[in-house]
Enquirer: 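Quick one: the structure is below, and I'll ask about it shortly.
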Number of protein chains: 2
Amino acid sequence: MKSKESQTVIDPTTEEKIRIAARKVFTQKGYGAARTRDIAQEAGINIALLNYYFRSKEKLFEIIMLESMQGFIHSISGVLNDEQTSLQEKIQILVSNYIDMLTIQPNLPLFVLSELRSNPQELILKLNFKEKLIHSHFFVQLQQAIQEGKIPPIHPLHFIMNIMGMIIFPFIGSPILKNIGDLEEKTFNELMQQRKILIPKWIEAMMNVK
Amino acid sequence: MKSKESQTVIDPTTEEKIRIAARKVFTQKGYGAARTRDIAQEAGINIALLNYYFRSKEKLFEIIMLESMQGFIHSISGVLNDEQTSLQEKIQILVSNYIDMLTIQPNLPLFVLSELRSNPQELILKLNFKEKLIHSHFFVQLQQAIQEGKIPPIHPLHFIMNIMGMIIFPFIGSPILKNIGDLEEKTFNELMQQRKILIPKWIEAMMNVK
DNA sequence: AAATAATTTAATCAATTGATTAATAAAATA
DNA sequence: TATTTTATTAATCAATTGATTAAATTATTT
């Protein structure tokens, strides 16, 4: 019953199918353990097509990695640079968006962090993470709050570490945490939803520590 | 000048050499990306010896993984079950010990968490993480504090997530964090030392959030 | 339709990888 | 010392892996 008119959602092109499959396999297994054959099978295509479209496993990987990180950076840079919101509001939105993203892609952080550990230099430089964060409105507000004495004068990175740690770690450690807490997927996700409200409060409380 | 008498530090046995090398390579690359030849070279032995002593790459891996996790669990279970210390004191000691350990073995968490994600069931069950933590004096104290109203009635796992997240994440994300903060290894470690004092304070503050 | 270009497949290659074997060396035992 | 066991090596195997090729199919252009 699939008429031409109803086909508003067209099939992904071969190239897209490969990209989607590659993202899945790379994210699950990491570059070194991922097999091009796994990717081909996942995409339902011949292995040769992978090389036809992307030249090599490595080239394909670089594209996937860049896409993943750019998507992430893009998704937060809007929030970080909204000049209409306060520091607290930014944190609220950031936490909420981030948790939603990780609920959908729980394997992403472990993948990115693992590969950044083996690749470090090139990727980080290419993304220019540092500039984007440090020159953000968020960062200016953070340092301003420190100067005004509203926040204790500790290294701003401590806050970054704490926010990211509290958001990301539960997803990275979910197998252990689910085991410890006897949690089903559903209950785990409920806890994550609670954290959207709780983490900003916790951060707020931490910021008032002498 | 190495006389028989002065040889108080004996050379590691071949088996130990392999174990040490395997721990290093597996920790750096993960199971799938690690090559037995890398391990053999790192250990300075013939590849055949690896199989002679450990049967297979997989068997070797299981041993290394079990050792790593048991070492970790053993190191914290003493603290968790010390009946002489308060909840706050336990957290202080835990944070301090943990940070010291990760300063020496910064790759450990990413390795363990990555492998737990692909293996989940067997390893976690074998270690019986859950029982050890839930039946610990620490956990009893935590739940008691909640019942006495000293701590808000949220799921105890939230605290576990926060403590672990704040401790572990900086090490997992060190490549990005060092880049963002323009940190040398030395400065990074100084921040980690600061966190020994700060994290317990932050946890304390969080516990008083309504 | 004919010709050309783009896409896809099956078969295959060379390199890598985990593992084994047979021979040798070293150590332990009788 | 002779013999047996343990440890080690070089060579090799079969399977896997990333990649290529040449042929076949499909789409596009002329």
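Residue numbering restarts at 1 for every chain, and letters A, B, ... go by the order of the sequence lines. Since we're looking at a predicted model, the values are computed, not measured. Any value given below was found using the heavy atoms of this structure, including those in side chains, with hydrogens, waters and symmetry copies removed.
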Enquirer: A/Leu50 CG to D/dG18 P: how many Å, rounded?
Expert: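 To the nearest whole Å, that distance equals 9 Å.
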Enquirer: Identify whether any heavy atom of A/Phe54 sits under 4.0 Å from a base atom; if not, whether one sits that close to sugar-phosphate; answer base, sugar-phosphate or nothing.
Expert: nothing
Enquirer: Looking at A/Arg37 and D/dG18, is any side-chain donor or acceptor paired with a base atom of the opposite kind under 3.5 Å?
Expert: yes
Enquirer: Hey, what's the ring geometry for B/Trp202 with A/Phe159, parallel, tilted or perpendicular (30° and 60° as the breaks)?
Expert: tilted
Enquirer: Strictly by modelled atom types, are A/Lys132 and A/Ser77 linked by a side-chain donor-acceptor pair under 3.5 Å?
Expert: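 No, because no side-chain N or O of A/Lys132 sits under 3.5 Å from a partner of the opposite role on A/Ser77.
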Enquirer: State whether B/Thr36 places a side-chain N or O below 4.0 Å from either non-bridging phosphate oxygen (OP1 or OP2) of C/dG18.
Expert: yes
Enquirer: Quantified as the angle between the terminal helix axes (five pairs each), what is the overall bend of the helix from C/dA1-D/dT30 to C/dA30-D/dT1 to 10 degrees?
Expert: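 Both end axes considered, the difference amounts to 0°.
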Enquirer: Rounded off to whole Å, could you give me the CZ-to-P distance for the B/Phe61 and C/dG18 pair?
Expert: 13 Å
Enquirer: Report the C-alpha distance between B/Glu184 and B/Lys178 in whole Å, list the side-chain angles of each, state the deciding distance to 0.1 Å, and finish with yes or no for salt bridge (charged side-chain N to carboxylate O under 4.0 Å, His left out).
Expert: CA-CA 7 Å; B/Glu184 305 289 327; B/Lys178 284 175 185 165; over 6 Å; no
Enquirer: What is the distance, to the nearest angstrom, from the CG atom on A/Leu49 to the C1' atom on C/dT8?
Expert: 5 Å
Enquirer: Quiz question: by atom type and distance under 3.5 Å, do the side chains of A/Glu131 and A/His135 form a donor-acceptor pair?
Expert: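 Their side chains do contain a donor-acceptor pair, which is all the 3.5 Å distance test asks for.
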Enquirer: Which residue is it: A/Glu58, A/Lys59, A/Met65? I am looking for the one with a side chain to side chain contact (heavy atoms under 4.5 Å, CB included) to A/Phe61.
Expert: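 Among the candidates, only A/Met65 passes.
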Enquirer: Distance check needed: D/dG18 P versus A/Gln41 CD, whole Å only.
Expert: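 It works out to 13 Å between those atoms.
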Enquirer: Rounded off to whole Å, could you give me the CG-to-P distance for the A/Leu60 and D/dT17 pair?
Expert: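 To the nearest whole Å, that distance equals 16 Å.
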Enquirer: Classify the ring geometry of A/Tyr31 against A/Phe26: parallel below 30°, tilted from 30° to 60°, perpendicular beyond 60°.
Expert: parallel
Enquirer: For A/Ile47 and C/dA10, give me the distance from atom CD1 to atom P, rounded to whole Å.
Expert: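 Computing the A/Ile47:CD1 to C/dA10:P distance gives 10 Å.
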Enquirer: By the 4.0 Å heavy-atom rule, please label B/Tyr53 as base, sugar-phosphate, or nothing.
Expert: sugar-phosphate
Enquirer: Base, sugar-phosphate, or nothing: which does A/Ala34 touch, judged by heavy atoms less than 4.0 Å apart?
Expert: sugar-phosphate
Enquirer: Taking for each residue the nucleotide of DNA chain D bearing the nearest heavy atom, is the 5' side occupied by A/Arg35 or by A/Asn51?
Expert: A/Arg35
Enquirer: Nearest whole Å is fine: how far is C/dA10 C1' from A/Ile45 CD1?
Expert: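 Checked: the CD1 to C1' distance equals 14 Å.
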Enquirer: To the nearest Å, give me how far apart CD1 (B/Ile39) and C1' (C/dT17) are.
Expert: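 Rounded to whole Å, this separation is 12 Å.
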Enquirer: Can you tell which of C/dT8, D/dA19, D/dT6 lies closest to the side chain of B/Tyr52?
Expert: D/dT6
Enquirer: I want to verify a distance call: between D/dA19, C/dT9, C/dG18, whose nearest atom is closest to the B/Lys57 side chain?
Expert: C/dG18
Enquirer: Taking atom types as modelled, is there a side-chain donor on A/Arg195 or B/Asn162 under 3.5 Å from an acceptor on the other?
Expert: yes
